[in-house]
Amino acid sequence: MPIRVENLSYTYNAGQPMEQEALRNVTLTIEDGEFVGLIGHTGSGKSTLVQHFNGLLKPTSGKIYIDGVDIFSKGVSLRSIRQKVGMVFQYPEYQLFGETVFEDVAFGPKNMGVPDAELNDRVDQALALVGLDLSLKERSPFELSGGQKRKVAIAGVLAMQPQTLILDEPTAGLDPKGRDEVLSLVAHLHQREHKTIILVSHSMEDVARLAQRLVVMAHGEIVLEGTPEVVFRQAEYLEAIGLGVPQVTRLLQVLKKQGFAVDPDHYTIEAVEEEIVKLLETM
Amino acid sequence: MAMMKNITIGQYVPGESIVHQLDPRTKILATFLFIALLFLVETFTGYALGALMLFVIVLLSRIPVKFVLRGIRPLMFIIVLTLCLHFFMTEGRVILQIWFLKLTYEGLIRGLMMVSRLILLIIGSSLLTLTTSPILLTDGIESLLKPFRAVGVPAHELAMMMTIALRFIPTLVEETEKIMKAQMARGADFESGNIFHRAKSLIPILIPLFVSAFRRADELAVAMEARGYRGGEGRTRFRVLKFTRRDAAALILVAGLVILVGFCF
């Protein structure tokens, strides 16, 4: 179910004094089963872009195709698009409203027309996926811890069983343990559940570890695109637009500049460790 | 969501125009005078002159006329309701009868007058907030209320409450949009179904909105406390309001026009 956007432009408050162009002529394709990291500084348009993928925003100009179908053409049910393309917003725990965890997680599938008899299974599956104990089902979501709330909110999207999942800064505001849990959940969804993942983030470390392809945005445009190796070679440019490369990659780049024989195209701690051990052995 | 973008009441459009630069107290008093005018006049000529006054001020403020008029849209329902009630509920000479509804001549006139009054009232007061930043506005209110402190009016507290309320309107609007989008991403539908269905569909928006409003209130109170807030006692100001000759002239002009139009038409 590839997602394709063509020449997408979006202007906030069009025709008002506070008019602001958020996206300019963006063209991008996301293939089935891909893991795409979408990175950019605050205000670069990344959140605006992903809100087009499931029809929450209607482009000022340009088209969005899902499975080759223009989602804003007549007769396309946006609800079914939103079932296929799940979206986890930033700080998703702020959207919890149910009296019980069950009610909240079941909200999405219920709206999608899943019969009541099946709801229980859906909720159980979703909670198990995010690693929450099923005994929490009858608790109020408001009495859970911050990390648990976030997992309930993610489960609420997973319960719709979307084929593509968009996550907007899913680790923002979590402690290191919560961060690791959410990131390994995302990795699991990609590898085991074979979902297409679009991870929006400004943390280079997070996206570098997981994504197969990076899309870098600045000022409402896509400025860089490619595998992490290719993108991180542009360290100076990334810094100029307020981003950077993972610290460990930076280390290799500096070493290389100083004349050491290292290959700077690594971006996870493990790979860099290996590279440095190799270097030390030759010295 | 489209609804949210149309609320211009309480919104501020930054600018450098002569209207923007007036002292907020001048603008508040002028607005009150204008409202008084709307209740004094009883002829269409009077309303037309009031509208003309507003039009000139809008031109001077350099805010697009279309944008100012947009403020009426959210209140369209009340306007239409007022119009209908007056049209059909006033006793008098019947000029048109549809089934049991009788449109009277008196009703027609009164309805149109009330609606003119309502529309001018909305535009007049939104012009105040469109050209005055919320901070200046509350500074102005506080300063105007100060003389009444002797009789127990908590001027500073009222102004602070207003500042906070105004400050949080855009935040809450933004928050509402965010929550709406998040629930729409889960298939929520706010636009179809009967009125009960629609009211029920608001629950997934209202509960998170209240939860976050309370959380924000709590955080704000702590932040204020941490910065040593202890009410208005002995507070000095960074922005000192200045009532200039231009303000005096503007106020005299408005007062003169109000008296002239108000008592002649």
Side-chain angles (χ1 to χ4, degrees), chain A residues 12-19 47-48 50-58 77-99 103-114 140-142 149 153-160 162 165-166 168, chain B residues 1-2 4-8 11-17 20 61-71 130-131 170-193 197 200-216:
Chain A
Y12 279 104
N13 299 322
Q16 284 187 31
M18 286 78 102
E19 193 173 272
S47 296
T48 309
V50 293
Q51 285 177 32
H52 284 89
F53 292 170
N54 63 351
L56 284 174
L57 288 178
K58 200 175 171 179
S77 147
L78 283 176
R79 189 177 272 187
S80 75
I81 295 292
R82 286 168 193 160
Q83 189 272 315
K84 287 187 206 161
V85 183
M87 169 111 186
V88 177
F89 275 84
Q90 213 168 357
Y91 294 103
E93 58 273 26
Y94 292 162
Q95 76 207 31
L96 296 175
F97 71 96
E99 257 177 80
E103 197 188 317
D104 209 285
V105 176
F107 181 68
K110 218 171 169 177
N111 285 330
M112 301 301 167
V114 173
S140 160
F142 295 106
K149 275 188 202 164
I154 296 175
V157 176
L158 290 176
M160 299 189 295
L165 192 64
I166 303 167
D168 193 349
Chain B
M1 272 177 290
M4 299 290 174
K5 291 192 182 122
N6 285 330
I7 298 177
T8 54
Q11 219 177 46
Y12 169 58
V13 180
E16 298 287 320
S17 79
H20 283 85
S61 75
R62 298 213 198 105
I63 294 174
V65 177
K66 230 171 85 191
F67 190 69
V68 177
L69 289 178
R70 207 176 284 179
L130 282 171
T131 59
T171 311
L172 287 177
V173 168
E174 200 179 300
E175 187 108 1
T176 311
E177 281 190 16
K178 245 190 233 161
I179 296 170
M180 269 176 98
K181 274 189 194 158
Q183 308 300 24
M184 276 160 76
R186 294 205 276 165
D189 180 7
F190 309 110
E191 270 134 29
S192 56
H197 196 88
K200 220 183 132 201
S201 74
L202 288 179
I203 293 175
I205 300 178
L206 290 178
I207 291 178
L209 197 59
F210 271 98
V211 170
S212 84
F214 281 121
R215 194 191 61 242
R216 273 178 207 286

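A, B, ... follow the sequence lines: proteins, then strands. Residue 1 opens every chain.
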In terms of heavy-atom contacts, B/A185 and A/M112 come closest through O-CE, 4.5 Å

Comparing A/M160, A/K110, A/Q90 against chain B, the one with the most heavy-atom pairs below 4.5 Å turns out to be A/M160

Between B/K181 and A/L57, does a side chain to side chain contact (heavy atoms under 4.5 Å, CB included) hold up when you go through it step by step?
CA-CA 9 Å; B/K181 274 189 194 158; A/L57 288 178; 3.8 Å; yes

Evaluate the side-chain proximity of B/K178 to A/Y94: yes if any heavy-atom separation is below 4.5 Å, no if none is.
no

Using the salt bridge (charged side-chain N to carboxylate O under 4.0 Å, His left out) criterion, which residues pair with A/R82? Sequence neighbours excluded.
none

State, yes or no, whether a side-chain contact exists between A/D104 and B/R186 at a heavy-atom distance under 4.5 Å.
yes

Using non-hydrogen atoms only, which part of A/F89 is less than 4.5 Å away from chain B: side chain, backbone, both, or neither?
side chain

Atom CZ of A/R79 with >12 non-hydrogen neighbours under 6.0 angstrom:
yes

When the 4.5 angstrom heavy-atom criterion is applied to A/Q83 and chain B, the contacting part is neither

Does B/A188 have any side chain to side chain contact (heavy atoms under 4.5 Å, CB included) partners at least two apart in sequence or in another chain, and if so, which?
A/F107, A/N111, B/Q183, B/F190

Is it the case that atom CZ in B/F210 sees more than 12 heavy atoms from other parts of the structure closer than 6.0 Å?
no

A/F97 versus B/P208: any side-chain heavy-atom pair under 4.5 Å?
yes

